[in-house]
Amino acid sequence: MTAVIFHTATTLNGFLADDQDSLDWLFATPGAAEAESDFSTFLDTVGVLVMGSTTYEWVVDHEEFLSHPQKWTEIYGDRPTWVFTSRDLPRIEGADVRFARGDVAAQWPEIRRTAAERVVWIVGGGDLAGQFADAGLLSEIRLSVAPATLPAGRPLLPRRIGPDRLRLESMTRAGQFAELRYAVRPV
């Protein structure tokens, strides 16, 4: 079965981004580069990326993909990417980005087929990961918990997923980050 993994960084109080949709808090964290060192191993297992429109816009702006489209392949390879959105967004030249609207379950058969038994990585955001959880499709949550708090922002998972559905599989330290892996039991 194709694994669907929400792999992300979060603050101690459960925010993915600040109230301006910025990740500056993450990059200011000492040891962030060390925490990312194992990330290439994870990325090697990924067949498809999935992200919401706010995440896509932030990544496009932050990495300047529109003026440097070759950077997309340098970072993500040639992996197909689904962007769930309700609005029109710019396309990155040469990147296999597919814009989708509506329910994640409706897109799932094509995402699973394209992943070809490799991991589907939910890049962000939290509501999109929650939609996959609601549909019984989320397999795992991998969190890099940073030593930071924010007064407001984008929540990690803006819904209830009870302890009856989550099982801690492992915890490790990477620099200043606590890395937690939770298996998610389908609904």
Side-chain angles (χ1 to χ4, degrees), residues 1-19 21-52 54-56 58-59 62 75-77 79 81-82 84 104 108 111-112 115 117-187:
M1 179 172 197
T2 303
V4 178
I5 300 175
F6 181 35
H7 192 319
T8 192
T10 183
T11 63
L12 282 171
N13 59 338
F15 290 110
L16 300 174
D18 69 17
D19 56 355
D21 293 323
S22 173
L23 297 178
D24 289 341
W25 65 270
L26 175 60
F27 299 113
T29 304
E34 182 182 343
E36 280 196 35
S37 64
D38 282 341
F39 188 73
S40 63
T41 302
F42 170 72
L43 195 56
D44 288 344
T45 68
V46 173
V48 167
L49 285 71
V50 176
M51 61 182 78
T54 302
T55 300
Y56 177 77
W58 188 88
V59 168
H62 184 264
I75 295 172
Y76 299 117
R79 293 168 184 86
T81 302
W82 265 257
F84 283 82
V104 298
W108 176 242
I111 292 170
R112 184 182 60 222
E117 300 301 318
R118 296 177 55 93
V119 168
V120 172
W121 173 28
I122 301 177
V123 181
D127 184 62
L128 182 62
Q131 291 175 48
F132 274 83
D134 294 346
L137 299 170
L138 187 62
S139 311
E140 185 176 310
I141 300 170
R142 293 186 188 183
L143 301 176
S144 292
V145 182
T149 62
L150 295 170
R154 297 284 181 167
L156 173 64
L157 274 160
R159 65 209 348 91
R160 180 181 295 264
I161 301 176
D164 59 320
R165 291 190 57 206
L166 298 171
R167 185 179 70 242
L168 181 63
E169 295 291 321
S170 68
M171 53 189 170
T172 58
R173 179 180 175 172
Q176 290 297 305
F177 292 82
E179 295 186 346
L180 307 172
R181 286 182 55 195
Y182 288 92
V184 180
R185 187 178 62 75
V187 285

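Residues satisfying the side-chain hydrogen bond (donor to acceptor under 3.5 Å, both in side chains) criterion with R118, sequence neighbours excluded, are absent altogether. Annotation: side chain to side chain contact (heavy atoms under 4.5 Å, CB included) contacts of L43 (sequence neighbours excluded): F39, V46, R79, W121. Residues forming a ring pair (Phe, Tyr, Trp, His ring centres under 6.0 Å) with Y76 (at least two apart in sequence, or on another chain): W72. The salt bridge (charged side-chain N to carboxylate O under 4.0 Å, His left out) test applied to D164 returns R185, not counting sequence neighbours. Remark: D19 engages no residue in a side-chain hydrogen bond (donor to acceptor under 3.5 Å, both in side chains) (not counting sequence neighbours). Every residue two or more places apart in sequence or in another chain was checked for a side-chain hydrogen bond (donor to acceptor under 3.5 Å, both in side chains) with T2, and none qualifies. Q131 is linked by a side-chain hydrogen bond (donor to acceptor under 3.5 Å, both in side chains) to D127, counting only residues two or more places apart in sequence or in another chain. For R165, there are no salt bridge (charged side-chain N to carboxylate O under 4.0 Å, His left out) partners at least two apart in sequence or on another chain. Take R112 and apply the salt bridge (charged side-chain N to carboxylate O under 4.0 Å, His left out) test, not counting sequence neighbours, and it matches no residue. Residues that satisfy the ring pair (Phe, Tyr, Trp, His ring centres under 6.0 Å) test with F6, not counting sequence neighbours, are absent from this structure.
Between T8 and L143 there is a side-chain heavy-atom pair separated by less than 4.5 Å. Side chains of T55 and L128 form no contact here, defined as non-hydrogen atoms less than 4.5 Å apart. In this structure, W108 and V120 have side chains that are in contact, with non-hydrogen atoms separated by less than 4.5 Å. Using a 4.5 Å heavy-atom threshold, the side chains of F177 and L26 count as touching. Between F84 and Y56 the shortest side-chain heavy-atom distance does not fall below 4.5 Å.
The closest donor-acceptor contact from the side chain of T45 to the backbone of T41 lies at 3.5 Å or more, if one exists at all.
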Practice prompt. Before giving the answer on salt bridge (charged side-chain N to carboxylate O under 4.0 Å, His left out), spell out for R167 and E169 the whole-Å C-alpha distance, their side-chain angles and the decisive distance to 0.1 Å.
Written response: CA-CA 6 Å; R167 185 179 70 242; E169 295 291 321; 2.5 Å; yes

Discussion item. One pair to check against side-chain contact (heavy atoms from CB on, under 4.5 Å): I122 and V4. What are the steps and the verdict?
Written reply: CA-CA 7 Å; I122 301 177; V4 178; 3.5 Å; yes

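Atoms CD1 and CG, from I111 and L137 in turn, are 8.5 Å apart once rounded to the nearest 0.5 Å. To the nearest 0.5 Å, the span separating NE2 on H62 from OG on S22 amounts to 8.0 Å.
For the pair E140 and R181, the salt-bridge criterion is met [side-chain N within less than 4.0 Å of a carboxylate O].
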With a 3.5 Å cut-off and sequence neighbours excluded, list the donor-acceptor pairs that the side chains of residues 146-156 form with protein atoms.
unit_1 : atom_1 : unit_2 : atom_2 : d
R154   : NE     : D21    : OD1    : 2.5
R154   : NH2    : D21    : OD1    : 3.2
R154   : NH2    : D21    : OD2    : 3.2

